[in-house]
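What you are looking at is a predicted structure, and each value in this text was computed from that prediction instead of being measured. Keep in mind that the numbers below use all heavy atoms, side chains included, and drop hydrogens, waters and symmetry copies.
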Amino acid sequence: MRTFLYFLLFMFLAVVVILLAALLGDQGAWYFAWLVGTAMIVLISAASAALLDTQEDHAAAEQAAGGIRKPL
């Protein structure tokens, strides 16, 4: 049953995408690039924030240990 529901969901999404492509015409590629670019900016920002947080935690742990540097 779950597989069938996934099938229906993906079929619905495919119909929506096909209709949007037909309505947008030549501008469809621009909207696709805009959506992909926006998603990439969000993902890169999230990864950068996680990296910064990890670096700050590592620096705080190093300072608490009295400056003894541990390998990562």
Side-chain angles (χ1 to χ4, degrees):
M1 182 69 180
R2 184 172 141 182
T3 305
F4 181 68
L5 291 176
Y6 277 137
F7 174 75
L8 288 178
L9 173 69
F10 291 135
M11 285 299 291
F12 175 74
L13 288 175
V15 168
V16 169
V17 168
I18 290 170
L19 287 175
L20 282 175
L23 291 174
L24 292 174
D26 291 338
Q27 294 179 351
W30 186 87
Y31 284 112
F32 176 73
W34 181 77
L35 287 173
V36 169
T38 302
M40 288 301 297
I41 289 170
V42 169
L43 292 174
I44 290 170
S45 298
S48 297
L51 180 62
L52 179 63
D53 190 41
T54 302
Q55 288 176 344
E56 288 177 349
D57 289 346
H58 182 70
E62 185 177 305
Q63 188 177 19
I68 300 172
R69 185 174 173 96
K70 297 179 185 177
L72 293 175

Separation between CD of E56 and CG of L51, rounded to the nearest 0.5 Å:
10.0 Å
Could you list the donor-acceptor pairs under 3.5 angstrom formed between side-chain atoms of residues 29-49 and any protein atom two or more places apart in sequence or on another chain?
| unit_1 | atom_1 | unit_2 | atom_2 | d |
| --- | --- | --- | --- | --- |
| T38 | OG1 | W34 | O | 2.8 |
| S45 | OG | I41 | O | 2.8 |
| S48 | OG | I44 | O | 2.9 |

Which residues end up grouped with L23 if you chain together Ile, Leu, Val, Met, Phe, Trp and Tyr wherever their side-chain heavy atoms are less than 4.5 Å apart?
none
List the atom pairs, with distances to 0.1 Å, where a side-chain N or O of residues 2-19 and a protein N or O form a donor-acceptor pair under 3.5 Å, not counting sequence neighbours.
none

